[in-house]
4 protein chains.
Amino acid sequence: MNDHSVFGVPGPPVPPGDPGRDAAALRAVGAGAGAPEGRPGRPGRRRSDDSRRAILAAAFEIVSEVGYARLTVEGIAARAGCGKQTIYRWWPAKADVLLDALAEQADLHVPLTDTGSYAGDLRAFLAASFALGGSREVAGVLRALMAEAQIDQDFGARFRAAFLRRRREALGVILDRARTRGDLPAAPPPGTVADIVFGTLWYRLLATREPLDEALIGDLVGVLTAA
Amino acid sequence: MNDHSVFGVPGPPVPPGDPGRDAAALRAVGAGAGAPEGRPGRPGRRRSDDSRRAILAAAFEIVSEVGYARLTVEGIAARAGCGKQTIYRWWPAKADVLLDALAEQADLHVPLTDTGSYAGDLRAFLAASFALGGSREVAGVLRALMAEAQIDQDFGARFRAAFLRRRREALGVILDRARTRGDLPAAPPPGTVADIVFGTLWYRLLATREPLDEALIGDLVGVLTAA
Amino acid sequence: MNDHSVFGVPGPPVPPGDPGRDAAALRAVGAGAGAPEGRPGRPGRRRSDDSRRAILAAAFEIVSEVGYARLTVEGIAARAGCGKQTIYRWWPAKADVLLDALAEQADLHVPLTDTGSYAGDLRAFLAASFALGGSREVAGVLRALMAEAQIDQDFGARFRAAFLRRRREALGVILDRARTRGDLPAAPPPGTVADIVFGTLWYRLLATREPLDEALIGDLVGVLTAA
Amino acid sequence: MNDHSVFGVPGPPVPPGDPGRDAAALRAVGAGAGAPEGRPGRPGRRRSDDSRRAILAAAFEIVSEVGYARLTVEGIAARAGCGKQTIYRWWPAKADVLLDALAEQADLHVPLTDTGSYAGDLRAFLAASFALGGSREVAGVLRALMAEAQIDQDFGARFRAAFLRRRREALGVILDRARTRGDLPAAPPPGTVADIVFGTLWYRLLATREPLDEALIGDLVGVLTAA
DNA sequence: TCTTAAACGAGACGGTACGTCCCGTCTTCTT
DNA sequence: AAGAAGACGGGACGTACCGTCTCGTTTAAGA
């Protein structure tokens with residue numbers, strides 16, 4: 001397997017053991033995006049996949065049209081044609097809806113194809129990451145999620161676990177491979193490489209809002225393969 | 001002059017020529033932190049400096065105690081013992097209050113002492129910047145401001161102009177000096193150096209929330225002086 | 001049927017045919033006092049009758065204690081233990097709340113018993129009307145409503161339709177009966193009789209604030225049955 | 001002297017004895033309309049008559065244009081080109097400004113010419129009173145004043161003393177003359193006559209808002225001279 | 001087939017904060 | 001001392017959403 005899925009990798013969508021109170025929270029991150037099957041052997045109506053998709057689409061559209069500040073749960077429900085409770089039942093906060101919507105709308109898969117060299121792998125990884133931010137809508141959602149992660153501590157934890165950490169793990173695969181191969185520079189250490197790579201990327205997105213272009217990829221690869 | 005003030009450098013706080021309608025909005029960013037002098041030769045009660053300071057202190061305290069999500073204009077007014085209108089009169093949004101509060105509470109001056117080498121200058125710059133983020137309260141405010149800058153477009157523009165750009169300009173002084181001195185590496189270009197430096201810094205603050213430590217300074221300086 | 005209810009006479013409180021968009025506004029005047037039944041066969045939580053009653057009671061109490069000038073929607077909500085929106089959802093203005101509270105608290109029914117003579121009917125009508133104004137609280141509410149009707153044009157129209165007109169209609173029944181019976185004086189015409197009767201009553205209430213006593217009843221009946 | 005001035009009759013406009021704290025309140029009612037002379041032998045700037053007139057005119061215009069609900073002290077000051085303090089210095093409430101504005105704008109003098117008969121005097125009195133209410137603007141102001149008198153107890157007392165009582169006194173002159181002359185009916189007593197006359201008049205103004213026409217005069221005179 | 005249980009749409013609920021308006025007071029400089 | 005100007009502390013407005021709580025309805029699983 002060459003690809004690394006951002007969401008949904010580690011386990012089955014629904015924890016089979018305990019459909020308890022916190023199940024929604026767990027499901028909502030990384031798994032809410034998956035199939036909406038409630039545990040099979042249970043009475044009662046099943047989760048509506050139509051609603052789920054309508055909600056994600058509505059959230060993505062609204063945030064694209066009017067921005068995160070004007071994204072409200074009531075607005076999502078109205079556009080999706082569902083009740084508010086249906087949203088609160090499955091996602092703990094509107095940012096989680098957006099996180100799932102991102103996974104639904106954008107291709108978050110990072111190619112981890114072995115290009116034969118650390119520089120090549122890095123270049124491919126950066127190109128794919130930059131492509132993501134190339135979409136105005138996706139960039140807006142990413143900015144909103146990172147912002148909300150600062151404001152809502154709980155969502156921050158979920159965002160780190162479900163999104164940021166997986167990107168770092170993906171980069172980790174490349175670094176492992178380079179170490180095995182023997183063309184990984186001694187410095188800086190892998191953790192710092194990740195900080196520099198993702199830091200630069202996010203800084204462009206959040207602070208300068210300049211496009212993520214080819215030149216930057218060259219510069220970053222240059223800096224990280226120099227020593 | 002060796003120091004570079006983050007706020008208030010380029011010009012006098014109050015535009016001397018035209019005390020026009022939008023002066024309040026202008027003053028509120030980066031200059032609202034300055035003295036609250038309405039032009040003296042004008043009728044009418046003067047802006048209360050007591051209130052101004054009470055508001056900034058209240059904002060900083062509240063955000064330190066309960067976080068940005070629970071910082072409200074009403075809460076600031078209540079703690080500062082002033083009316084809400086007094087806040088709205090001088091700051092366009094609560095984030096602007098916080099931006100001024102930051103300038104009031106934290107030492108935002110960056111030392112630009114010439115240490116004799118690019119590496120030394122960079123090391124000093126990073127140490128001072130990291131020291132800022134070392135305070136739990138200041139780090140919290142910085143996170144909140146960057147978050148709000150993503151959510152409120154107008155504040156984003158003010159935040160970039162009043163804060164982010166000035167930090168880049170400070171770093172620019174170091175890079176200029178290195179170029180003159182002749183020990184600036186050919187790559188990466190200055191703009192990318194800034195992206196990498198600030199990107200890494202902010203990424204630690206926003207994403208990993210790991211402490212900004214000595215090791216990271218060494219790694220960054222190493223990477224940027226290698227080529 | 002001998003009695004003439006001030007509110008709710010012409011039809012059932014809730015128009016059975018069409019529960020349209022403006023139903024709330026209609027219900028709020030003269031019918032808001034009735035049962036709070038949203039049509040049963042509708043989804044969604046029903047209107048809370050506890051809240052409705054608590055709001056009316058709170059409004060009446062506050063206005064009795066501190067006067068109409070210090071009656072605020074926020075105060076009503078606080079005392080009633082409900083949200084402000086619950087008030088705004090069902091009444092267009094605080095005066096309408098008070099109008100319903102009046103109907104809830106005071107006996108606004110006017111006895112139209114046939115006493116056998118115009119003078120007797122009139123005397124009974126006046127006695128019942130005066131009794132209303134005899135309560136300090138009810139008199140205060142009536143003054144406030146008439147005042148608000150002057151200041152808020154829209155409420156004025158509702159007040160006339162829901163209160164003033166119905167009183168006139170009640171008096172009209174007496175006049176009709178007298179005409180049929182043949183003991184109605186030729187002059188003045190019925191409309192003027194109503195103007196004189198209600199005018200004198202309201203003038204005492206609003207302008208002189210003297211008690212509405214037996215002597216005045218005698219004088220009025222005397223004047224109107226003289227010719 | 002045949003005429004009876006509504007305002008300013010009983011005494012000199014400025015109480016000569018004590019220019020104390022409450023002087024403004026006293027002067028403001030019925031006397032604020034008079035000459036704006038501060039006590040002559042006093043240092044300091046004299047009261048500006050320009051401002052006084054500008055304020056009264058502004059108040060009358062605003063209330064005519066947008067109604068009493070939207071009449072604010074700030075609005076008056078802005079249109080009059082004066083400071084708010086200048087209003088608060090001379091009038092205790094905006095309704096008092098309006099009361100003075102009414103006296104300034106409308107002819108409130110009631111003709112007490114002796115027509116030779118009670119019926120004739122009454123007819124002339126009513127015609128003059130009805131003429132007042134014929135102006136849309138003046139009617140609006142009267143409605144607002146009576147409304148405010150219900151809501152603000154203190155203004156109510158001033159309004160009764162400065163306006164309502166004087167109208168009653170004017171009618172009292174007619175009644176006295178009729179008694180002397182011998183053509184005053186035994187019933188109803190003078191107080192009730194005033195209640196009926198003014199009650200009917202105000203009721204038309206406040207409640208039915210129908211025009212005050214000739215027919216009503218005839219009916220009233222008929223009723224009151226019948227017995 | 002009937003019962004039970006869950007999810008659904010709808011929408012009212014108690015509540016918090018918003019940003020605005022205006023109050024009446026308090027400086028400040030000018031007349 | 002009064003005037004224009006205008007900032008001040010304060011209170012209420014009417015609105016927007018929050019997250020929760022009924023409602024009647026729909027859909028499934030188990031009896």
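In what follows, chains are A, B, ... by sequence order, proteins preceding strands, each numbered from 1.
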Evaluation steps, side chain to side chain contact (heavy atoms under 4.5 Å, CB included), between B:Tyr88 and B:Lys94: CA-CA 9 Å; B:Tyr88 285 113; B:Lys94 69 180 178 184; over 6 Å; no
Any side-chain heavy-atom pair of D:Cys82 and D:Ile87 under 4.5 Å: yes
Separation of [N] [atom2] from [X] [atom1] (nearest whole Å):
X	N	atom1	atom2	answer
C:Arg89	F:dC21	CZ	C1'	13 Å
A:Ile55	E:dG9	CD1	C1'	11 Å
C:Arg47	E:dG14	CZ	C1'	15 Å
C:Arg46	E:dA12	CZ	P	12 Å
B:Ile87	F:dG11	CD1	C1'	15 Å
D:Tyr68	E:dC22	OH	C1'	13 Å

Side-chain N,O (C:Ser51) to OP1/OP2 (E:dA12) below 4.0 Å: no
E:dG11 OP1/OP2 closer than 4.0 Å to side-chain N/O of C:Trp90: no
Under 3.5 Å, side-chain donor or acceptor atoms of residues 66-73 of chain D against the rest of the protein: list the pairs with distances, not counting sequence neighbours.
| from | atom 1 | to | atom 2 | distance (Å) |
| --- | --- | --- | --- | --- |
| D:Tyr68 | OH | D:Glu148 | OE1 | 2.6 |
| D:Thr72 | OG1 | D:Gly75 | N | 2.8 |

side-chain hydrogen bond (donor to acceptor under 3.5 Å, both in side chains) against D:Gln85, all qualifying residues, sequence neighbours excluded: none
With sequence neighbours excluded, residues passing salt bridge (Lys or Arg N to Asp or Glu O under 4.0 Å) with A:Arg53: A:Asp49, A:Asp50
With A:Arg45 via salt bridge (Lys or Arg N to Asp or Glu O under 4.0 Å) - residues at least two apart: none
Residue closer to the 5' end of DNA chain F, D:Cys82 versus B:Thr86 (nearest nucleotide): D:Cys82
5' priority, DNA chain E, between C:Gln85 and B:Gln85 [closest heavy atom]: C:Gln85
Closest-nucleotide ordering on DNA chain E, the 5'-leading residue of B:Gly44 and A:Gly81: A:Gly81
Pair A:Glu65 + A:Arg79, salt bridge at N-O below 4.0 Å: yes
Angle between terminal axes - the helix from E:dT1-F:dA31 to E:dT31-F:dA1, 5 pairs each end, rounded to 10°: 10°
Intermediate values then yes/no, side chain to side chain contact (heavy atoms under 4.5 Å, CB included), A:Phe155 and A:Leu145: CA-CA 9 Å; A:Phe155 173 72; A:Leu145 293 176; 3.7 Å; yes
Sub-4.0 Å heavy-atom contacts from residues 69-76 of chain C onto DNA chain F, ordered by number: C:Thr72, C:Val73, C:Glu74
Presence of donor-acceptor pair under 3.5 Å, side chain of D:Lys84 and base of E:dG24: yes
